There are 2 protein chains.
Amino acid sequence: MGVSLKDIAERAGVSLATVSNVVNGYRPVGEHTRQRVQKAIDELGYSPNLSARHLRRGRTGLIALAIPELNNPYFAELAEIAIREAAGHGYTLVMENTAADREVELQLLEGSRRHIIDGLIFSPVRIGREEVLARTADSPLVLIGEGVYDVPHDHIAIDNVAASHAAIAHLVAIGRRRIAFIGAAPSGDRQSANLRMRGYREALAAADLPFRPRLVAHTDEFGRLDGMRAMRALLALPEPPDAVFAYNDLTAIGALRALAEAGRRVPDDVALVGIDDIEEGRFSTPTLTTIAPDKEEIGRLAVRRLVARIEGTEVAAPLTVQTPFRLIRRESTRTPGT
Amino acid sequence: MGVSLKDIAERAGVSLATVSNVVNGYRPVGEHTRQRVQKAIDELGYSPNLSARHLRRGRTGLIALAIPELNNPYFAELAEIAIREAAGHGYTLVMENTAADREVELQLLEGSRRHIIDGLIFSPVRIGREEVLARTADSPLVLIGEGVYDVPHDHIAIDNVAASHAAIAHLVAIGRRRIAFIGAAPSGDRQSANLRMRGYREALAAADLPFRPRLVAHTDEFGRLDGMRAMRALLALPEPPDAVFAYNDLTAIGALRALAEAGRRVPDDVALVGIDDIEEGRFSTPTLTTIAPDKEEIGRLAVRRLVARIEGTEVAAPLTVQTPFRLIRRESTRTPGT
DNA sequence: GTGAAAGCGCTAACAA
DNA sequence: TTGTTAGCGCTTTCAC
């Protein structure tokens with residue numbers, strides 16, 4: 001199986017250590033020696049055996065990104081950024097799909113992959129503070145998304161309550177009064193749904209609008225189908241909403257479809273705002289107004305902080321970083337006269 | 001760093017080899033011994049160090065899935081299936097994004113990850129038969145998608161020419177005569193685009209329709225934006241098409257948006273068919289008629305054949321497997337009276 | 001049925 | 001600036 005350091009050493013007439021130093025640059029190597037070694041490497045086509053390196057170093061060069069749904073374009077876009085950033089630091093990123101399953105999330109925390117990954121970027125949805133605190137694995141952990149705070153780990157997230165606020169404020173500003181929320185979690189165990197719900201209620205209160213429980217649609221999951229069903233239910237109300245704030249763009253897209261099927265005009269009859277700024281929302285008809293998190297920043301920061309922890313270059317106490325977001329107004333809230 | 005075999009051996013009062021055999025089951029272990037060892041494993045919380053195991057065995061337990069765009073939901077859906085299947089075989093799947101870049105594809109073939117992966121599932125778009133034949137890496141390779149045939153590797157794909165045929169035949173059947181194709185590759189180096197183009201021409205000929213070069217729209221990439229631009233160009237023609245066959249669902253979605261912006265009705269003015277059956281097309285307005293490959297089958301089969309090659313259980317000559325596809329008719333071709 | 005020991009390829013401590 | 005060597009944790013051959 002392939003060319004080893006030893007082969008190179010023999011070919012170049014030097015010791016193993018010297019070849020290793022040419023490859024890794026830990027200590028200086030004479031110019032003449034370096035060239036001979038490099039020549040041997042090129043000729044024989046050497047590449048280091050990572051298993052051996054990692055066995056020795058105690059690290060694998062792999063980091064994991066655990067997300068609740070690979071199918072959600074938001075996470076696919078985030079993953080793409082994280083993969084690129086990880087590669088830039090010499091790490092390979094492996095994706096773990098938790099499928100928003102509590103058991104899978106717990107296993108991940110317990111270090112089911114302990115020996116294969118150096119660190120974990122984790123977007124938990126079914127577990128909370130207690131479970132994270134009870135974590136037994138000892139490799140670095142960076143949390144992304146919402147839901148778990150006050151734990152001794154770096155955490156990158158947008159301010160969900162503020163984001164919801166901004167969405168509702170926008171709907172209020174264009175004159176809507178019966179604003180529905182799609183995507184409340186059924187059992188309350190989905191933290192981010194709770195936060196967005198809280199922002200919804202706070203913003204309603206701030207605008208002096210009554211909170212109407214019937215305008216809150218619960219969903220099991222947060223995909224297109226869930227959004228569509230929820231919207232149908234809202235449309236069946238005696239007094240349907242004139243605006244909808246959806247948990248994410250995916251449920252908003254589903255709502256859009258339900259509205260089209262029901263023959264409602266968007267935004268004239270019902271205005272619509274989502275969260276995530278997935279590309280799909282820039283091409284739907286109508287295009288979708290959304291709260292855009294800075295995915296680039298989230299992905300990059302998460303990887304950077306994780307790598308810093310792994311390599312011990314970061315020693316400061318774990319930080320919770322709020323990344324910026326902005327409202328992107330598109331056709332789904334572009335009403336005449338506003 | 002963790003509990004090792006040695007710790008277990010000491011605790012249970014047996015040799016390393018015995019513990020290894022309890023863990024791996026390569027040779028029988030006495031019942032009494034097994035229990036003592038198992039007890040020690042449970043108490044100490046042992047899990048094998050994979051780097052060490054892999055160094056010894058010469059394998060890493062990692063397989064890679066290299067795709068041209070993680071952002072394309074088709075590949076995200078495929079990846080999800082492949083990850084699940086790989087896990088079922090005890091492998092971890094890492095995703096490689098080639099970004100449809102020829103250089104990246106070549107590096108992959110040369111085994112840039114030689115020592116980190118046991119095998120590769122590869123969806124090439126910029127390279128052809130020669131490059132695959134010149135491959136230097138020696139780990140197993142399974143090709144998916146179209147473009148490279150007659151190479152000594154397993155290959156899973158749908159019959160692209162037939163798929164295009166089916167799409168065009170459907171458009172002809174609902175009475176369309178000026179059928180455009182969106183997604184011809186500019187330089188001809190994108191194999192699958194060429195194949196779909198071929199199917200398009202053949203099907204036109206079979207229906208006694210003239211091939212009109214002006215109805216063929218070239219695109220640089222194959223995303224929503226590309227589809228939108230191409231559609232705009234087609235609409236600017238003196239005699240625009242009455243139907244469009246798009247390279248994939250993503251370009252079709254872009255085309256749909258261009259049609260909406262231009263105020264054209266779909267399917268009344270222009271009917272539309274894509275390929276891939278991504279979920280987005282089930283929720284767009286109108287919903288998108290598509291050629292649906294059997295993603296489940298493709299993902300599962302690719303992983304299975306790769307694992308079989310890695311583990312040497314498959315010794316038969318490499319096979320090209322054509323997986324089934326079917327036309328799913330939705331609103332974008334649902335015309336009155338057909 | 002069980003044990004002893006070699007060695008996978010590499011890094012790093014120590015020596016020269 | 002370069003070389004020697006121990007040992008990371010595991011599997012596997014050979015011996016008992």
Side-chain angles (χ1 to χ4, degrees), chain A residues 1-38 40-41 44-62 90 111 113-118 139 311-312, chain B residues 1-38 40-41 44-62 90 111 113-118 139 311-312:
Chain A
M1 165 98 203
V3 184
S4 76
L5 268 195
K6 195 159 150 244
D7 300 323
I8 304 297
E10 280 170 7
R11 172 96 167 205
V14 298
S15 75
L16 282 181
T18 301
V19 181
S20 175
N21 282 319
V22 169
V23 174
N24 296 296
Y26 289 140
R27 31 178 225 193
V29 175
E31 189 47 35
H32 181 66
T33 318
R34 139 163 289 113
Q35 286 184 7
R36 275 226 315 290
V37 171
Q38 191 57 55
I41 288 177
L44 266 48
Y46 168 76
S47 75
N49 180 318
L50 297 184
S51 291
R53 172 178 286 175
H54 297 144
L55 172 58
R56 181 61 228 233
R57 283 194 186 156
R59 291 203 234 118
T60 63
L62 256 42
R113 299 231 175 246
R114 184 184 325 222
H115 283 303
I116 211 180
I117 59 162
D118 294 336
S139 56
E311 299 181 349
Chain B
M1 164 101 204
V3 183
S4 76
L5 268 195
K6 196 162 149 239
D7 299 324
I8 304 297
E10 280 169 8
R11 173 97 167 203
V14 297
S15 75
L16 285 180
T18 300
V19 181
S20 176
N21 282 317
V22 169
V23 174
N24 296 296
Y26 289 139
R27 31 177 224 193
V29 176
E31 189 46 36
H32 182 66
T33 317
R34 138 162 292 113
Q35 286 185 6
R36 275 224 317 289
V37 172
Q38 191 57 55
I41 288 178
L44 266 48
Y46 168 75
S47 74
N49 180 318
L50 296 184
S51 291
R53 172 177 287 176
H54 296 145
L55 172 58
R56 184 59 228 236
R57 284 194 186 157
R59 291 203 233 120
T60 63
L62 256 41
R113 298 230 174 248
R114 185 184 323 223
H115 283 303
I116 211 180
I117 59 162
D118 295 335
S139 57
E311 300 181 349

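Every value quoted in this text rests on a predicted model; they were computed, and no experiment measured them. So that the names make sense, note that chain A is the first sequence line, chain B the second, and so on, each numbered from 1.
Distance from the side chain of A:Arg56 is smallest to D:dC8 among D:dG3, D:dC8, C:dT2. Set against D:dT11, C:dT11, D:dC10, the side chain of B:Asn49 has D:dC10 as its closest nucleotide. Of the candidates C:dA4, D:dT1, D:dG3, D:dT1 carries the atom nearest the A:Pro28 side chain, counting heavy atoms from C-beta on. Checking D:dT2, D:dC10, C:dT2 against the side-chain heavy atoms of B:Leu5 singles out D:dC10 as nearest. Among the nucleotides D:dT4, C:dT2, D:dT12, the one closest to any side-chain atom of B:Thr33 is C:dT2. Taking only side-chain atoms of A:Ser4, from C-beta outward, the nucleotide of D:dT4, C:dT2, C:dC10 with the closest atom is C:dC10. Considering only the side chain of A:Tyr46, C:dC10 comes nearest among D:dT11, C:dC10, D:dG9. Here the side chain of A:Arg53 is nearest to one of D:dT2, D:dT11, C:dT11, namely C:dT11. Listed nucleotides: C:dC10, D:dT12, C:dG9. Nearest to the side chain of A:Leu55: C:dG9.
In terms of phosphate contacts, A:Ser20 brings a side-chain nitrogen or oxygen within less than 4.0 Å of OP1 or OP2 of C:dT11. Contact between the side-chain N/O atoms of A:Thr18 and the OP1/OP2 oxygens of D:dG3 is found at a separation under 4.0 Å.
Between the C1' atom of C:dC10 and the CG atom of A:Asn24 lies a distance of 9 Å, rounded to the nearest Å. Nucleotide D:dT4 holds its P atom 13 Å from the NZ atom of A:Lys6, rounded to whole Å. B:Glu31 places its CD atom 10 Å from the P atom of C:dT2, with the value rounded to the nearest Å. For the pair B:Tyr26 OH and D:dC14 C1', the computed distance is 18 Å after rounding to whole Å. A:Arg57 has its CZ atom 6 Å from the P atom of C:dA12, to the nearest Å. Separating the CG atom of B:Leu50 from the P atom of D:dC8 is a distance of 18 Å, rounded to the nearest angstrom. Summarising the geometry, the separation between CZ on A:Arg59 and P on C:dC10 is reported as 17 Å, rounded to the nearest angstrom. The CG-P distance, from B:Leu16 to C:dA5, rounds to 11 Å in whole Å.
Residue A:Ile116 comes nearest to A:Thr60 through the heavy atom pair O-OG1, 2.8 Å, listed as atom of the first residue, atom of the second, then distance. Of all the heavy atoms in B:His54 and A:Ser51, the pair that sits closest is CB-OG, 3.6 Å. Of all the heavy atoms in B:Ala40 and B:Arg11, the pair that sits closest is CB-CG, 3.6 Å.
Taking for each of B:Asn21 and B:Ser51 the nucleotide of DNA chain D with the nearest heavy atom, the 5'-most of the two is the partner of B:Ser51.
To the nearest 0.5 Å, atoms CZ (A:Arg53) and CG (A:Asn24) are separated by 4.5 Å. Distance CD/B:Glu10 to CG/B:Leu44: 10.0 Å, rounded to 0.5 Å.
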